[in-house]
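Encoded as structure tokens, the structure appears first; notes follow it.
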Amino acid sequence: MKFVKNYRCTLCGREYSKNEKLYTCPECGEKGILDVEYDYDGLKNILSQSYFDNNRNYSMWRYKDIISVEDEYLDETLRVGWTPLYKSKSLADKIGLKELYIKDEGLNPTASLKDRASAVAVIKAKEEEKKTIACSSTGNAASSLAGNAARLGISTVIFVPERAPQGKLAQLLIYGAKVISVKGDYKETFELSKKAIDHWGWYNRNAAINPHLVEGKKTVAMEIAEQLRWHVPDWVVVSVGDGCTIGGVYKGFYDLFQIGLIERIPRILGVQAEGCCPFYTSYKENEPLRPAKENTIADSISVGVPRNPVKAMNAVSKSGGSWITISDTAILEAMKLLGSTEGIFGEPAGVAGLAGLIKALNENVISNDESVSIIVTGNGLKDVKNALAAVEAPIICNPDINQLKKYLSGLQ
Ligand SMILES: *Cc1c(COP(=O)(O)O)cnc(C)c1O
Ligand SMILES: [Zn+2]
């Protein structure tokens with residue numbers, strides 16, 4: 001917290017002291033999402049390449065000086081972050097791209113990028129001495145919160161829409177959360193959770209509303225930069241639901257740029273599903289954001305009314321990036337392609353970035369000689385039902401070598 005300067009409203013620009021316990025701007029209400037601002041001059045004095053070369057903390061807390069949390073509980077959390085950034089060999093060739101990197105966020109403790117936000121959420125709850133945290137989520141924010149909270153001995157109340165995939169639901173229940181499965185869509189789920197949080201006074205992990213969570217998510221961008229020795233790629237591609245993740249990606253690069261650790265901010269491509277694309281529609285039609293239907297297999301980005309619109313749209317416009325949509329079919333193809341060429345198994349929203357990259361190459365939004373990092377935001381084991389729809393059935397064979405020889409004739 002030492003280097004936090006103040007909060008600033010993303011809508012009206014008003015500044016608030018870092019000592020105020022605010023979620024949103026009192027003047028603008030719920031839409032006035034706050035941004036955390038840092039003392040970059042102070043940070044420049046301590047954060048250098050050699051500081052990071054000598055930093056042995058291989059988790060997101062290696063960036064603790066530039067996250068809005070106190071140090072006190074950092075050693076107690078699950079180990080989140082410092083996930084691998086793979087340089088692709090065969091996939092890059094296959095899709096005709098010069099340089100491709102794959103950030104595998106499925107390797108976080110509860111198997112999605114959401115752990116970066118949840119780790120911060122549980123620490124903030126500790127700082128405020130809250131015994132219970134609540135959130136509403138399409139799945140991963142919830143299962144991630146439940147796991148990270150369990151580790152610190154904090155109770156969780158989770159609101160999920162009925163359609164949450166089984167793997168995520170199983171995680172929640174195993175981590176001991178009190179789960180409310182709401183008979184409604186994500187929007188209705190969110191509204192109910194908000195009323196309950198107001199009523200019971202729990203700590204609020206609803207991502208957009210809570211400015212600290214984007215500060216956790218931004219560490220994914222910082223890792224990409226550091227893992228590439230501070231030479232950032234031309235593009236970073238990420239799937240978008242509420243808009244907190246893409247907002248965090250931009251913020252991470254923005255911070256590093258302000259400190260002078262990187263020379264530019266990569267262009268950011270925001271990927272949405274065709275069946276649920278409020279940001280894309282607003283961008284294409286140059287119209288304000290309108291509620292969209294929620295109709296895609298990519299449950300984690302099936303968000304008809306995004307809660308973090310300003311940060312998301314800024315991420316694309318300020319980075320000189322773009323928006324793109326992909327079909328559910330393209331998502332399933334990307335899932336199989338990523339698994340079979342690189343050995344990485346992503347959930348539908350996790351591989352949406354790859355599907356978006358392939359389309360962006362076809363449409364010349366990204367050109368073949370550029371360098372790109374995709375972020376695989378969540379692990380495929382969370383949603384096995386959709387994964388099985390992406391592939392062919394296995395060979396069914398009697399325990400008989402002669403029958404097997406027939407099936408496998410021609411195999412080397
Ligand atoms: C939450 C999530 C996203 C999108 O993040 P937003 O902050 O909602 O835009 C993408 N992929 C996965 C796997 C997620 O869990
Ligand atoms: Zn405001």
Side-chain angles (χ1 to χ4, degrees), residues 7-16 22-35 103-106 108 110-118 135-145 164-165 167-168 171 186 190 205-211 213-214 216-218 220 237-251 268 270-273 276-279 294 296-313 315-316 323 331 335 345-356 374-383 386:
Y7 301 126
R8 189 177 301 282
C9 174
T10 52
L11 267 193
C12 71
R14 277 192 186 79
E15 193 180 299
Y16 295 99
L22 291 173
Y23 286 132
T24 49
C25 171
E27 295 294 327
C28 298
E30 195 195 309
K31 292 211 157 70
I33 292 181
L34 301 176
D35 203 14
K103 183 74 170 158
D104 187 6
E105 287 293 293
N108 278 304
T110 78
S112 81
L113 186 148
K114 293 289 191 299
D115 284 337
R116 296 179 187 272
S118 297
C135 87
S136 71
S137 161
T138 53
N140 284 330
S143 55
S144 164
L145 176 66
K168 298 179 186 180
Q171 280 185 300
Y186 178 54
F190 187 90
R205 188 244 181 264
N206 282 330
I209 303 269
N210 186 326
L213 302 189
V214 166
K217 285 187 168 183
K218 77 183 178 187
V220 70
V237 183
V238 66
S239 58
V240 181
D242 267 322
C244 306
T245 307
I246 194 170
V249 168
Y250 177 75
K251 183 74 185 297
I268 300 174
V271 182
Q272 297 217 281
C276 185
C277 54
F279 283 118
E294 298 179 353
T296 167
I297 56 164
D299 66 290
S300 301
I301 52 168
S302 188
V303 182
V305 181
R307 301 289 159 182
N308 213 339
V310 178
K311 285 186 189 176
M313 292 196 279
V316 169
W323 292 95
I331 289 176
M335 188 185 291
F345 184 11
E347 67 165 272
V351 301
L354 172 58
I374 56 173
I375 302 176
V376 179
T377 46
N379 193 295
L381 287 173
K382 286 168 173 280
D383 184 358
N386 274 312

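Remember, it's 1-based here, ligands and their atoms both numbered in the order they're listed. Note that this is a predicted model, so its numbers are computed, not measured.
Close approach to S239 involves these atoms of ligand 1, each under 4.0 Å from a residue heavy atom: 4 (C), 10 (C), 11 (N). Close contacts between ligand 1 and E347 involve ligand atoms 13 (C) [criterion: under 4.0 Å to a heavy atom]. Distances below 4.0 Å separate heavy atoms of K114 from the following atoms of ligand 1: 1 (C), 2 (C), 3 (C), 5 (O), 14 (C), 15 (O). Set against the non-hydrogen atoms of G378, the atoms of ligand 1 under 4.0 Å away are 13 (C). Remark: ligand 1 atoms within the under-4.0 Å shell around heavy atoms of G241 are 4 (C), 6 (P), 8 (O), 9 (O).
Side chains of S144 and D115: a donor on one and an acceptor on the other come within 3.5 Å. At a cut-off of 3.5 Å, with distance as the only test, a side-chain donor of K168 or S300 sits close to an acceptor on the other residue. Side chain to side chain, Q171 and T110 fail the donor-acceptor criterion of an N or O pair below 3.5 Å.
At least one side-chain heavy atom of S143 sits under 4.5 Å from a side-chain heavy atom of K382.
When all heavy atoms are compared, the tightest approach of P278 to P306 is CG-CG, 3.7 Å. Between F190 and S136, the shortest heavy-atom contact is CD1-OG, 3.3 Å.
Ligand 1 has K217 within reach: a non-hydrogen atom of the residue lies less than 4.0 Å from it. Not a single heavy atom of I246 sits less than 4.0 Å from an atom of ligand 1. V303 does not count as a contact of ligand 1, since none of its heavy atoms falls under 4.0 Å from the ligand.
At least one N or O atom of C244 sits closer than 3.5 Å to an N or O atom of ligand 1. An N or O contact shorter than 3.5 Å links G243 to ligand 1 by distance. Looking at ligand 1, you won't find any N or O of V240 less than 3.5 Å from one of its N or O atoms.
For the atom pair L213 CG and R205 CZ, the distance stands at 5.5 Å (nearest 0.5 Å). If you take SG on C244 and NZ on K217, they are separated by 5.0 Å, rounding to the nearest 0.5 Å.
Angle SG (C12) to the Zn ion (ligand 2) to SG (C9): 110°, rounded to 10°. With the Zn ion (ligand 2) as the vertex, atom SG of C25 and atom SG of C28 span an angle of 110° (nearest 10 degrees).
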